[in-house]
Amino acid sequence: MFKKVKSIHLYLVSYFTVNILFLNMYPFMHSDESWLSNLSRNILQNKSFKVTESVFDLYPRFPHSIKILFHSIQIIFLKLFGYNLFTFRLISLIFGCIGLYFFYRILSKYCTKNIALIYTILLSLNIQFIYASHFARQEIVLVCIEIIALFLFSQKKYTYTTIVCAISIGIHPNSFIVASVMGSIYLISLINKKIELRTFIFYILGLCISAIIFILISIYLDNQFFYHYFNYGSTLNVDANLIDKFKNFDNFYYKIYQMISATYYTPDIRIYFYVFLVSSLYVLLKKRTLQNISIIIGIIIINLAIIFIGRYNPTSIILMFPLFYLLLANIDNKYFIITLFIISILNSSINIYPYLNNDYESYLNNIEQYVSSDSKVLANLNTEYYFENDSLLDYRNLYYLKENNITFEEYIYNNNIEYIIYSEEMDFIYNSRPIWNIVYGNTYYYYEDMNIFLNENCNLIGEFTDSTYSMRIVRYQNENYFVKIYQVK
């Protein structure tokens, strides 16, 4: 038994070490990562959770507590390792490894130690899991919380299960999905007399009390929290009626299957649609235990929760993967396992290999040749890790110029902007409008004024091409758009 426990520890150390080697390369850096870390840095610098992102001044942003614990984790790592992409991706990799350990512990309770180790390794090799473990967002933290909650529940440690789910509210709004999954497992267990009614009530009350606490903190941070939070949600269509949300649900899966996205990287996981379908059918036909039925219902609940929220972000699909691998662990056929290893290794290699030459630091180094890190600039949020706090203003602010009765020229001079880092993607988006208005808002309102200002009030001091970071729209990357650097006269 000691050897088997030692095996999982050795594997996780090896897994962590190997992933460190290409943590910054795969996937490409997304502005969501710098968006989150920018707020963490601003909170630290101002010593207050009442601040919002320093890169936004016109773009409406208001403080709340729904991500307060995640930002607190980021702040700890920022102080330990400095402000860079690697620091924040390291958090994701650590939580991914913790999640794998507790996944192994869950399987060890119901399977042989060998099968537990094998399917833990298979989960770790899944490209969607690798992606989430390399992406400086909250999804992998929620996956870790989901797995720990399942583990604690399997150990009948119901109080700790409730606490873990309750604190996840401070990580991300999608904690609702995790809470819903665990709620369904509690309810099924109650119906089948595996737990007492008071245990179920304690879980519900624990979540409600936690939600109230986080809401009260949010009201403290912003006395118009409800208005601002739901108003922002309406811009993401989360206020649509359930019928409309349901109508868009098939498109959510279609885009994931076809790898269609605006700015998010979407790995090729098409083969897993069929693998998961086979495992689900096998369980329904051959292994119809209460535990397996609970897992299948949990997967259905995740989908229903995603519909209810209505925010069809492709990154949220990772929350289903631990449950699917729990189902897969029912299959101990060696030929199936070998086939799954081959699929996992080949699929992940094919997805990762094109990004091993991805060099985010090279992109920042090109900017460094012309602009100092403490200069006041208007630029894409993907430049954030080069600049000091309060130096960068993001292009998303420009859509709100008209609403604030400010011209582009006034905006530049009022903010003492010294440099404008302009990517040719802005020309592409303008010429393709309205299809890509989701990226920076409708560029129609400021594009012409901006280009007049660039031609008449700025000097072009440098330009370079970049196959990844000069174009945020994924399907048009690798076309070497120019990034132009203008100095304001």
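Keep in mind it's a predicted model, so treat the numbers as computed, not measured.
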For [Y], is the NZ or CZ atom of [X] found under 6.0 angstrom from the centre of its six-membered ring and inside 45 degrees of the ring axis?
X    : Y    : value
K50  : Y220 : yes
R396 : Y59  : no
K287 : Y282 : no
R472 : F28  : no

Go through the steps to decide whether R41 and E388 satisfy the test salt bridge (Lys or Arg N to Asp or Glu O under 4.0 Å), and finish with yes or no. CA-CA 10 Å; R41 177 166 66 166; E388 295 180 10; over 6 Å; no
Kindly state whether the ring of [X] and the ring of [Y] have centres lying under 6.0 angstrom apart.
X    : Y    : value
F324 : Y272 : no
F135 : Y131 : yes
Y119 : Y325 : no
Y229 : F62  : no
F81  : F86  : no
H64  : F214 : no

Is it the case that the side chains of [Y] and [X] hold a donor-acceptor pair, with the cut-off being a distance below 3.5 Å and no angle test?
X    : Y    : result
S54  : N389 : yes
N313 : Y264 : yes
Y440 : N380 : yes

In the structure I gave you, are the side-chain heavy atoms of F336 and L340 within less than 4.5 Å of one another anywhere?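 Yes, their side chains come closer than 4.5 Å.
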Residue pair [X] / [Y]: nearest heavy atoms and the distance that separates them:
X    : Y    : value
Y11  : S124 : OH-OG, 2.5 Å
Y360 : Y385 : OH-CD1, 3.4 Å
L142 : S175 : CD1-N, 4.0 Å
D394 : L381 : OD1-N, 2.9 Å
I167 : L69  : O-CD1, 3.2 Å
S470 : D466 : OG-O, 2.5 Å

Separation of [Y] [atom2] from [X] [atom1] (nearest 0.5 Å):
X    : Y    : atom1 : atom2 : value
S40  : E53  : OG    : CD    : 9.5 Å
I171 : C144 : CD1   : SG    : 10.0 Å
I243 : N248 : CD1   : CG    : 12.5 Å
S467 : N358 : OG    : CG    : 7.5 Å

Criterion side-chain hydrogen bond (donor to acceptor under 3.5 Å, both in side chains) on Y363 and N382, from CA distance to verdict: CA-CA 10 Å; Y363 173 64; N382 66 17; 2.8 Å; yes
Carefully, step by step, assess Y355 and F22 under the rule ring-ring contact (aromatic ring centres under 6.0 Å, His included). CA-CA 9 Å; Y355 292 92; F22 62 104; over 10 Å; no
Taking I145 as the fixed residue, which of L150, I140, V164 is the one that meets the side chain to side chain contact (heavy atoms under 4.5 Å, CB included) rule?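 By the side chain to side chain contact (heavy atoms under 4.5 Å, CB included) criterion, I145 pairs with just one of L150, I140, V164: V164.
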E384 and Y83: CA distance, side-chain angles, deciding distance, side-chain hydrogen bond (donor to acceptor under 3.5 Å, both in side chains) verdict: CA-CA 10 Å; E384 158 72 10; Y83 190 75; 2.5 Å; yes
Donor-acceptor contact present, side-chain S279 to main-chain L328, <3.5 Å: no
Check: K255 main-chain N/O paired with Q258 side-chain donor or acceptor under 3.5 Å: no
Could you please spell out the steps behind the side-chain hydrogen bond (donor to acceptor under 3.5 Å, both in side chains) verdict for S65 and S218? CA-CA 5 Å; S65 68; S218 294; 2.8 Å; yes
Quick one: which of Y203, F200, Y186 gives a ring-ring contact (aromatic ring centres under 6.0 Å, His included) with F153? Y186
